[in-house]
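Shown next, in structure tokens, is the structure this report addresses.
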Amino acid sequence: MSQVTRRGFLMGCSAAIAGLAGARFNSMAFAQGGVNNEEILVVVFLRGGVDGLNLVPPIGGADRGFYEAARPTIKIPVSGVGAALPLGGGFGLHPAAAALHPLYQAGKLAIVQAVGLNVVNRSHFDAMQFVELGTPGSRAISSGWLTRHLASAANLPSEIVMPSLAIGDLQPASLLGDLETINIANPDQFSLDNGPWQWRSAQRVALRDLYQGGTTWQHQSGVQALDALDIVELNVAGGYTPANGAVYPNSGFGDHLKVLAQMIKLDLGLQVATVDVGGWDTHEEEGGATGYFANLVSDLSAGLAAFYTDLDGAGAQNYTNRLTVVVQSEFGRELRENSDSGTEHGYGNQMFVLSGNAIGGLHGTWPTLAPGALTDGTDLAVTTDYRRVLSEILIRRMGNNRLGQIFPNYANYAPLGVVAGTDLAPDYSTTGDTIFSDGFENATTSRWSSVSG
């Protein structure tokens with residue numbers, strides 16, 4: 001691939017971006033010393049239904065007996081080679097998640113048990129839609145919960161260069177309706193790559209003239225995309241050396257987190273980001289301490305640990321002090337393994353929260369694996385609505401208490417104690433223009449001023 005030269009880039013770049021070339025953007029993104037919220041929320045979605053009972057298995061008590069009886073070939077041992085890493089409270093961490101164990105011991109990782117939707121649904125498509133739209137049981141809404149958070153938050157600056165970022169090729173349903181989201185999979189390919197740089201420079205000027213000539217959402221999105229191209233090509237594409245000796249796994253997930261770390265360090269005012277990890281639908285040959293599932297867990301854990309290490313620092317570089325990473329899936333797996341040494345779609349699951357402000361440990365009410373406690377006689381029950389966890393993060397870290405707009409029909413919130421922060425009284429009102437049930441017309445007005453104005 002041919003590279004854009006600095007001279008070619010600057011010729012086509014907006015005046016505002018060009019003036020900031022090679023500089024940090026924090027003074028633009030946030031008023032220094034102001035009251036704007038500078039937290040960063042990253043949602044990692046494990047597509048396919050992660051087996052939470054093997055990710056965090058019981059290692060003692062009566063539940064260990066139920067677990068071993070139900071999983072004779074894929075169980076995680078409690079001693080010897082491949083033993084679960086102790087977490088306390090009768091539970092362990094999958095041995096392939098060893099990279100996360102020190103963060104758990106340091107109180108930076110919170111694990112919420114028996115968490116999920118408040119409606120039983122074992123369809124991948126439906127369950128993912130319910131989780132990401134924030135409306136369990138209903139898809140009659142045209143915006144994602146992250147979109148409604150950004151639209152309803154009253155503590156964000158009037159100008160943000162890049163408020164939301166989806167790492168990958170597609171915008172997830174959680175950001176549905178957000179016209180400011182930038183999708184990046186590979187920064188080296190995030191460019192206008194059509195002919196020599198002289199042509200691309202002329203293309204930039206022509207495209208800016210075209211998009212800046214109107215005020216519709218298409219024009220706004222066009223300018224946003226051009227701004228993103230300018231920033232990424234000059235500041236992100238090319239080599240990158242992670243901080244603190246962090247080593248990302250050589251995988252798509254590792255590459256995606258590395259890109260995200262680079263974007264965070266640009267201080268563009270990034271508020272929310274999403275990363276998808278597929279492959280968790282383990283119907284056959286799942287494996288136990290080793291095998292297919294263990295390889296997925298190893299990649300996930302190594303990536304998250306490297307990401308946290310890379311962003312950990314002091315002073316203005318202490319990104320982990322304003323970073324919250326949520327790891328969730330659409331549902332869990334059945335307690336009993338199937339005849340193909342795999343697991344079928346289940347219900348209750350685990351949810352990870354990784355943050356410099358995490359209140360580490362195990363959280364939630366464990367319902368036990370006793371036959372009478374299982375949902376439909378097959379699945380771990382759900383005792384914590386996933387929206388309770390997200391609501392605590394929104395209130396305590398993001399400073400947004402407008403739960404009625406973000407999670408319609410959700411009420412009776414109380415903090416679980418997953419992250420530290422200031423409690424605000426939840427606002428369950430649904431007034432405002434952030435509830436979109438009849439199309440995107442209310443979602444098309446940008447709250448962010450373009451960099452190039």
Side-chain angles (χ1 to χ4, degrees), residues 20-44 97-110 155-157 160-165 167 184 187 231-232 234-250 253-275 300-327 352-360 393 396-399 418-422:
L20 288 167
R24 300 182 67 80
F25 294 83
N26 57 313
S27 60
M28 175 186 295
F30 298 109
Q32 297 301 299
V35 295
N36 294 317
N37 187 282
E38 300 186 24
E39 294 288 312
I40 305 164
L41 173 59
V42 176
V43 178
V44 177
L100 286 177
H101 197 235
L103 289 170
Y104 180 87
Q105 293 175 312
K108 305 302 181 184
L109 176 64
N155 58 356
L156 302 184
I160 297 182
V161 179
M162 191 176 291
S164 56
L165 181 65
I167 303 295
I184 298 177
I231 293 167
V232 171
L234 189 64
N235 294 277
V236 179
Y240 171 67
T241 302
N244 305 314
V247 178
Y248 289 89
N250 185 22
F253 180 59
D255 291 342
H256 286 172
L257 288 181
K258 189 186 300 183
V259 170
L260 180 53
Q262 291 175 266
M263 300 305 295
I264 289 174
K265 290 179 180 181
L266 287 179
D267 287 318
L268 300 171
L270 184 65
Q271 287 282 307
V272 299
T274 62
V275 183
L300 174 71
S301 304
L304 291 173
F307 183 63
Y308 190 92
T309 300
D310 189 6
L311 293 174
D312 201 20
Q317 304 306 306
N318 186 10
Y319 293 101
T320 56
N321 195 46
R322 54 186 180 94
L323 171 74
T324 303
V325 181
V326 174
V327 183
F352 284 9
V353 178
L354 178 65
S355 173
N357 293 286
I359 301 174
I393 293 168
R396 288 189 170 185
R397 301 311 317 159
M398 312 305 288
V418 175
V419 292
T422 302

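On a predicted model such as this, the values are computed, not experimentally measured, just so you know.
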**Prompt:** Between Ala246 and Pro242, which heavy-atom pair has the shortest distance, and what is it?
**Reply:**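 The pair with the smallest heavy-atom distance is O-CB, 3.6 Å.
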
**Request:** Check side-chain contact (heavy atoms from CB on, under 4.5 Å) between Ala358 and all other residues, then give those that pass, not counting sequence neighbours.
**Result:**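 side-chain contact (heavy atoms from CB on, under 4.5 Å) check on Ala358 returns Ser355.
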
Side-chain contact test, heavy atoms from C-beta onward, threshold under 4.5 Å: evaluate it for [X] versus [Y] and give yes or no.
X	Y	value
Val418	Ile393	no
Val44	Val325	yes
Thr324	Asn357	no

**Request:** Could you check Thr274, Val326, Leu323, Leu354 and say which one makes a side chain to side chain contact (heavy atoms under 4.5 Å, CB included) with Val42?
**Result:**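 Running side chain to side chain contact (heavy atoms under 4.5 Å, CB included) over Thr274, Val326, Leu323, Leu354 with Val42 returns exactly one hit, Leu323.
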
**Message:** For the backbone of Glu39 and the side chain of Asn37, can you confirm whether one donor and one acceptor N or O come within less than 3.5 Å of each other?
**Reply:**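 Judged by distance alone, yes, a pair lies under 3.5 Å.
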
**Prompt:** Taking Arg397 for the side chain and Ala420 for the main chain, is one N or O donor matched with an acceptor at less than 3.5 Å?
**Reply:**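 Yes.
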
Measure the spacing between [atom1] of [X] and [atom2] of [Y] and express it to the nearest 0.5 Å.
X	Y	atom1	atom2	value
Ile264	Arg322	CD1	CZ	8.0 Å
Thr241	Gln262	OG1	CD	9.5 Å
Gln271	Leu156	CD	CG	4.5 Å

**Request:** Apply the test side-chain contact (heavy atoms from CB on, under 4.5 Å) to residues Ile160 and Leu268: give CA-CA distance (whole Å), side-chain angles for both, the deciding distance (0.1 Å), then the verdict.
**Result:** CA-CA 7 Å; Ile160 297 182; Leu268 300 171; over 6 Å; no

**Request:** Applying side-chain contact (heavy atoms from CB on, under 4.5 Å), run through Leu270 and Leu260 and close with a yes or a no.
**Result:** CA-CA 10 Å; Leu270 184 65; Leu260 180 53; 3.9 Å; yes

**Asked** Which is it for Ile167 and Phe253 under the side-chain contact (heavy atoms from CB on, under 4.5 Å) test, yes or no, and what are the steps along the way?
**Response** CA-CA 10 Å; Ile167 303 295; Phe253 180 59; over 6 Å; no

Could you pull out every donor-acceptor pair under 3.5 Å between side chains of residues 300-316 and any protein atom, sequence neighbours left out?
residue, atom, partner, partner atom, Å
Ser301, OG, Val297, O, 2.8
Thr309, OG1, Ala305, O, 2.8
Asp310, OD1, Tyr240, OH, 3.1
Asp310, OD1, Ala243, N, 2.8
Asp310, OD1, Lys265, NZ, 2.6
Asp310, OD2, Tyr240, OH, 2.7
Asp310, OD2, Tyr248, OH, 2.7
Asp312, OD1, Thr320, OG1, 2.7

